[in-house]
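See below for the structure under consideration.
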Amino acid sequence: MPPFAIAVGPNLRRSPYFEATVADGVRSFSVYNHMLIPGSFGDPQAEYARLIDGVVMWDVAAQRQVALEGPDAAQLVRLLTPRRLKRLDPGQGRYVPLCDRQGVLINDPVLLPLGETRFWLSIADSDVALWAEAIAQERGLDVRVSEPDVSPLAIQGPKAVEVAAALFGDWVRDLRYFGFREATLDGIPLIVARSGWSKQGGFELYLTDGTRGGDLWRRVKQAGAPHGIIPGAPNDWERIESGLLSYGADARRQERPADPFELGLGALVDLERPDDFIGKQALQARAKAGRTRRRTGWLIDGPAAADPGPHPILRDGAPVGTLWEHCRSPRLGRTIGIGLAAIHALDRGGPFAVSLAGDERAAEPTDLPFL
Ligand code: THG
């Protein structure tokens with residue numbers, strides 16, 4: 001534990017599930033999109049184990065929605081992402097990286113097309129609403145940009161489908177990945193989506209009335225009880241094992257700029273698109289020049305370090321990259337991490353090391369995901 005606490009002032013927003021998570025014994029919070037997000041309920045091993053072989057519920061209200069509404073909303077979506085979106089079928093979500101004019105990744109939201117002229121971007125930790133509104137205004141697009149009262153609650157793990165079916169009915173079993181549909185639960189309005197920031201399967205309930213957070217939390221807890229549900233939080237151990245991108249950890253516009261090619265999202269960039277999108281020229285130039293760094297997994301000798309990092313990756317004592325996050329993998333029984341390293345060094349091969357708080361440890365790059 002650090003020898004200090006973070007003061008919780010009015011500048012830190014609270015989720016509609018805040019009181020319920022406090023009542024259920026939340027032990028730490030982080031800050032994401034200017035909002036408190038639970039980090040742990042005090043037993044990380046149990047929260048991980050239940051995610052892998054049972055079911056967990058997470059307050060992910062800090063995955064805020066940026067709503068784009070109006071006649072030019074679809075045009076704005078296509079301008080914001082390098083991904084080609086031929087069809088925008090209502091009810092089918094998509095993963096849509098966003099880049100700045102330099103081609104640097106600035107967010108990696110899930111797009112939810114609610115209708116022909118209405119979209120949500122379910123964002124990672126950066127201020128997409130300001131960006132989208134400025135671009136819409138400067139381009140003269142007829143779109144209203146807002147952050148509506150929408151707060152996702154995730155149900156993740158192999159038994160999540162049983163909990164969702166108990167709550168909503170068997171139709172949830174047929175939802176496709178990133179597919180979603182409106183529903184109500186005891187009069188609580190929400191959208192049910194098959195998604196979530198783990199590779200263990202599950203659902204996200206997008207609550208659309210913030211006054212009902214406690215009600216929804218308790219209802220999910222009750223339906224999940226027969227399946228052993230416990231509260232938890234987006235799980236770093238599992239996401240590292242699964243190789244999920246964490247915008248903010250693996251890349252961040254100011255402090256750790258990286259482009260989609262370097263981050264392994266090149267398949268989501270379409271440089272052949274006839275229409276314009278933000279960052280197109282820069283991404284074309286980067287593709288032509290060829291990438292010089294690559295995001296990879298790392299197998300590291302010894303235990304995980306207390307300092308989360310970042311930590312330097314070395315080859316023959318010289319820095320060739322950065323390990324952004326690492327952990328002890330419970331399933332592999334090894335220390336693993338995710339980092340960005342120079343391709344020339346990766347191609348030449350080892351020996352590599354990671355400098356973990358002054359302790360040089362042998363390390364080896366490996367493809368993602370680990371599992
Ligand atoms: N759900 C919702 N909003 C979110 C996240 C989420 N906002 C923040 C953050 N997570 C956005 N980032 C991601 C990153 C990865 C995935 C989803 C959101 C993801 N990736 C899969 C993978 O990499 O294997 C599938 C990607 C694909 O099929 O294209 O699920 O989790 N609401």
Side-chain angles (χ1 to χ4, degrees), residues 15 17 30-35 37 51 56-67 80-85 89 91-99 105-114 119-129 132 147-148 150-157 160 164 175-181 190-208 232-236 238-253 258 260 263-270 295-297 324-325 338 367-371:
S15 128
Y17 312 113
S30 186
V31 176
Y32 195 88
N33 284 320
H34 316 282
M35 183 175 279
I37 181 167
L51 169 62
V56 288
M57 57 192 289
W58 302 343
D59 167 4
V60 286
Q63 294 172 359
R64 301 312 291 166
Q65 306 309 297
V66 174
L80 290 174
T81 180
R83 188 162 181 180
R84 185 193 288 252
L85 300 167
D89 296 330
Q92 183 56 50
R94 311 278 286 276
Y95 185 44
V96 292
L98 311 184
C99 292
L105 189 81
I106 60 169
N107 207 291
D108 66 333
V110 179
L111 169 72
L112 289 89
L114 299 157
F119 302 88
W120 288 347
L121 292 170
S122 185
I123 62 170
D125 187 20
S126 72
D127 294 318
V128 171
E147 190 192 291
V150 181
S151 300
L153 191 167
I155 310 173
Q156 298 287 296
L175 269 183
R176 289 198 291 161
Y177 197 68
F178 285 144
F180 63 90
R181 192 170 130 180
L190 50 82
I191 282 172
V192 182
R194 191 160 217 157
S195 53
W197 202 61
S198 84
K199 281 302 208 180
Q200 306 313 310
F203 296 81
E204 292 181 298
L205 314 182
Y206 291 72
L207 172 69
T208 54
N235 194 288
D236 287 328
E238 192 276 343
R239 88 91 189 171
I240 293 171
E241 290 174 339
S242 298
L244 285 175
L245 184 68
S246 175
Y247 179 81
D250 303 351
R252 185 167 198 102
R253 182 175 186 248
L263 295 170
L265 301 177
L268 304 180
V269 176
D270 185 351
R295 179 178 176 265
T296 61
W324 295 124
E325 194 162 49
I338 291 176
D367 286 346
L368 291 172
F370 289 96
L371 284 165

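Just follow the structure's listing: the first ligand is 1, and inside any ligand the first atom is 1.
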Which residue and atom name correspond to the protein heavy atom nearest [atom], and how close is it?
atom                    : result
atom 2 (C) of ligand 1  : Q63 OE1, 2.9 Å
atom 3 (N) of ligand 1  : S122 OG, 2.7 Å
atom 24 (O) of ligand 1 : K199 NZ, 2.4 Å
atom 17 (C) of ligand 1 : V110 CG2, 4.0 Å
atom 10 (N) of ligand 1 : W197 CD1, 3.8 Å
atom 27 (C) of ligand 1 : F178 CE1, 3.8 Å
atom 19 (C) of ligand 1 : L244 CD2, 3.9 Å
atom 32 (N) of ligand 1 : Y206 OH, 2.7 Å

For [X], state whether at least one heavy atom is located under 4.0 Å from any atom of ligand 1.
X    : value
W120 : no
G196 : yes
Y247 : no

Revision key, fill the gap. Quick look: D108 vs ligand 1, heavy-atom contacts under 4.0 Å, and the answer is both
Point to revise | Per-residue contact class, W58 against ligand 1 - non-hydrogen pairs under 4.0 Å | key: neither
Check your understanding: Between the main-chain N or O of A124 and the side-chain N or O of N107, is there a donor-acceptor pair closer than 3.5 Å?
Key ->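 Looks like yes, one N/O pair under 3.5 Å.
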Check your understanding: Do Y17 side-chain atoms and S151 backbone N/O form a donor-acceptor pair below 3.5 Å?
Key -> yes
Exercise for review: Using side chain to side chain contact (heavy atoms under 4.5 Å, CB included) as the criterion, point out the one residue from I155, I191, V192, V60 that pairs with E204.
Suggested key: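 So, applying the side chain to side chain contact (heavy atoms under 4.5 Å, CB included) to E204 and each of I155, I191, V192, V60, only V60 qualifies.
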Side-chain heavy-atom pair [X], [Y] within 4.5 angstrom cut-off:
X    : Y    : result
L121 : V96  : yes
F180 : Y206 : no
E238 : Q156 : no
L245 : R295 : yes

Exercise for review: Give a yes or no on whether a salt bridge exists between D89 and R176, defined as a side-chain N under 4.0 angstrom from a carboxylate O.
Suggested key: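 Looking at R176 together with D89, the answer is no, because their closest N to O distance does not fall below 4.0 Å.
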Check your understanding: For E204 and ligand 1, does the shortest N/O to N/O distance drop below 3.5 Å?
Key ->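 Looking only at distances, the answer is yes, because the N/O contact criterion of under 3.5 Å is met.
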